[in-house]
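Here's the structure, in structure tokens; my notes come after.
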4 protein chains.
Amino acid sequence: MTIDLDMTSSIPIYLQIKNHIVISIGKGELKAGEYLPAVRQLACDNGVNMMTVSKAYSVLRSEGYIEIDRRHGAKISGTKLKNEEFKVRLSCELLLLIASSKANGLDKNAFIQMCENIFSTMNPQKVQGIV
Amino acid sequence: MTIDLDMTSSIPIYLQIKNHIVISIGKGELKAGEYLPAVRQLACDNGVNMMTVSKAYSVLRSEGYIEIDRRHGAKISGTKLKNEEFKVRLSCELLLLIASSKANGLDKNAFIQMCENIFSTMNPQKVQGIV
Amino acid sequence: MTIDLDMTSSIPIYLQIKNHIVISIGKGELKAGEYLPAVRQLACDNGVNMMTVSKAYSVLRSEGYIEIDRRHGAKISGTKLKNEEFKVRLSCELLLLIASSKANGLDKNAFIQMCENIFSTMNPQKVQGIV
Amino acid sequence: MTIDLDMTSSIPIYLQIKNHIVISIGKGELKAGEYLPAVRQLACDNGVNMMTVSKAYSVLRSEGYIEIDRRHGAKISGTKLKNEEFKVRLSCELLLLIASSKANGLDKNAFIQMCENIFSTMNPQKVQGIV
DNA sequence: GTGGTCTAGACCACG
DNA sequence: GTGGTCTAGACCACC
């Protein structure tokens with residue numbers, strides 16, 4: 001797996017890696033039960049330090065996206081529902097985005113439309129049973 | 001103006017200040033032409049250093065939210081349109097939020113509903129006689 | 001005389017005033033021997049403090065553009081030649097502009113062309129005898 | 001890298017540092033991809049505070065002259081074209097310089113000649129084998 | 001190792 | 001009164 005990393009971005013590399021994986025999960029490119037590449041492998045493929053990848057994986061685990069299986073490595077978790085904490089964080093971040101959109105002259109319709117567009121770009125693979 | 005700052009957050013204080021002001025603008029609590037508190041004042045009110053507030057104001061200015069009037073301090077800019085750069089950044093951040101929502105079992109309807117709720121909390125209060 | 005002042009610019013107002021007058025002199029709109037408006041007048045016309053105008057005039061005088069005549073106010077000086085100090089300052093500022101042009105991918109021809117264009121926009125009223 | 005700083009100048013130190021680096025880039029002494037000294041290093045070499053250097057680097061980055069690579073520090077950007085905003089600023093500053101030149105009795109030929117001289121002092125030294 | 005952030009207090013330029 | 005700059009030294013995040 002190679003990731004399009006921007007070494008000069010203000011976003012830390014480990015977060016770019018984490019974000020890339022979260023997006024892949026959201027798009028359905030990575031499915032529950034599938035394994036991520038080994039830390040060493042991913043680090044090598046992308047020319048970054050192993051510790052950087054390791055940190056990305058540990059954040060992914062702490063947020064419940066993956067589970068670490070000592071024998072086989074990191075595995076995508078099944079979709080979880082009860083995640084109340086996630087909703088709180090999400091609504092905080094949405095509040096900021098929505099407020100800045102309004103301050104930049106983007107109205108509700110334009111914002112919702114943008115969301116719809118992004119949803120439609122995400123592979124509409126059927127979520128497996130849940131939802 | 002007192003701001004609810006979290007000194008232990010990983011989000012730098014100057015960004016918390018900036019975000020708070022952007023949200024206030026988005027909500028319509030701060031209107032174009034209105035003046036922000038003086039740097040010293042805001043710093044004092046919130047027990048932070050002047051330079052921290054100064055940095056927040058600098059970022060706000062560089063992103064076009066405020067203008068510095070040498071005579072009276074920092075003033076909310078009129079809404080600017082055409083901000084293409086803003087839309088690009090917005091769609092990147094939305095992509096991440098939407099993907100993580102899907103990965104957390106939140107479907108499109110739930111996400112849009114959450115956006116609608118947030119929009120409804122920031123109904124533009126009627127301007128009270130003034131202006 | 002009304003001047004197009006930007007109160008939110010990072011350039012101090014007194015310098016905007018000074019620059020405006022220097023440019024008028026350069027264009028030939030203000031000629032040697034002509035009088036500037038009174039400080040009070042100019043301040044009033046432009047809605048700024050008298051001290052601000054006064055400072056602009058005093059910088060203009062210290063750089064030799066005008067002479068202060070107690071009886072009739074500020075008068076444009078005759079063109080002076082020997083100004084070696086001016087050339088030094090000019091070449092410093094040109095060095096910076098030229099270097100930043102090159103760093104921004106603007107080559108010598110483009111730069112010179114830009115200068116020529118600016119010269120041609122300046123009213124080609126005959127310089128009076130000198131030159 | 002030691003820079004000839006004038007602590008008594010009205011030009012802020014961070015701008016003097018920024019200008020020095022821009023000039024070095026323009027002269028070709030600093031080439032795209034090359035790394036600037038670390039913030040601490042440059043601060044130490046020149047007896048100024050780290051934050052002063054940090055601010056200089058921030059401005060350089062925001063104007064596109066350098067990029068911050070989290071792994072190795074600040075790096076000269078590749079020349080970018082299309083910079084329309086830069087041209088606008090440049091022409092404003094040139095207008096002022098040209099007008100003041102005329103007001104000081106320097107005619108077009110003398111001005112252009114001065115530009116030519118400055119260009120010739122920054123002949124792009126041949127890249128020495130490396131690249 | 002790198003840059004980013006923050007403090008407490010100072011001085012200056014501007015209006 | 002306003003914001004802008006600078007210092008000296010500290011702590012943190014990232015790699």
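So that the names make sense, note that chain A is the first sequence line, chain B the second, and so on, each numbered from 1.
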Exercise. Under 3.5 Å, is there a donor-acceptor pair between the side chain of C:Ser54 and the main chain of C:Met50?
Worked result: no
Exercise. Are any side-chain N or O atoms of D:Asn46 and backbone N or O atoms of D:Val48, one a donor and one an acceptor, separated by less than 3.5 Å?
Worked result: no
For this session: Sequence neighbours left out, what passes side-chain hydrogen bond (donor to acceptor under 3.5 Å, both in side chains) with A:Lys55? Give chain and number order.
Result: none
For this session: Not counting sequence neighbours, which residues clear side-chain contact (heavy atoms from CB on, under 4.5 Å) with C:Leu94? List them please.
Result: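 So C:Leu94 forms a side-chain contact (heavy atoms from CB on, under 4.5 Å) with C:Leu90, C:Phe111, D:Leu94, D:Leu97, D:Phe111, D:Met114, D:Cys115, D:Ile118.
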For the pair made of [atom1] in [X] and [atom2] in [N], what is the distance, rounded to whole Å?
X: C:Ile17; N: E:dG15; atom1: CD1; atom2: C1'; result: 11 Å
X: C:Lys18; N: E:dG15; atom1: NZ; atom2: P; result: 14 Å
X: D:Tyr35; N: F:dC15; atom1: OH; atom2: P; result: 14 Å
X: D:Asn46; N: F:dA8; atom1: CG; atom2: P; result: 14 Å

Exercise. More than 12 foreign heavy atoms under 6.0 Å from CE of A:Met1: is that the case here?
Worked result: yes
Which atom pairs, one a donor and one an acceptor, fall under 3.5 Å between side chains of residues 7-14 of chain A and the rest of the protein, sequence neighbours left out?
from: A:Thr8; atom 1: OG1; to: A:Asp6; atom 2: OD1; distance (Å): 2.9
from: A:Ser9; atom 1: OG; to: A:Ile11; atom 2: N; distance (Å): 2.8

Exercise. Quick one: CD1 on B:Ile68 to CD1 on B:Ile66, what's the gap to the nearest 0.5 Å?
Worked result: 4.0 Å
For this session: Compute the bend angle of the helix from E:dG1-F:dC14 to E:dC14-F:dG1 from the end axes (five pairs per end), rounded to 10°.
Result: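 Angle reported: 30°, given to the nearest ten degrees.
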With 3.5 Å as the limit, what N/O pairs link the protein to nucleotides 2-6 of chain F?
from: F:dG3; atom 1: OP1; to: B:Val39; atom 2: N; distance (Å): 3.3
from: F:dG3; atom 1: OP2; to: B:Val39; atom 2: N; distance (Å): 2.9
from: F:dG3; atom 1: N7; to: B:Arg40; atom 2: NH1; distance (Å): 2.8
from: F:dG3; atom 1: O6; to: B:Arg40; atom 2: NH2; distance (Å): 3.0
from: F:dT5; atom 1: OP1; to: D:Tyr14; atom 2: OH; distance (Å): 2.7
from: F:dT5; atom 1: OP2; to: D:Lys55; atom 2: NZ; distance (Å): 2.7
from: F:dC6; atom 1: OP1; to: D:Ile13; atom 2: N; distance (Å): 2.2
from: F:dC6; atom 1: OP2; to: D:Tyr14; atom 2: N; distance (Å): 3.4

Below 3.5 Å, can you tabulate the donor-acceptor pairs from side chains in residues 32-43 of chain D to any protein atom, sequence neighbours excluded?
from: D:Glu34; atom 1: OE1; to: D:Lys31; atom 2: N; distance (Å): 2.9
from: D:Tyr35; atom 1: OH; to: D:Asp69; atom 2: OD2; distance (Å): 3.4
from: D:Gln41; atom 1: NE2; to: D:Asp45; atom 2: OD1; distance (Å): 2.9

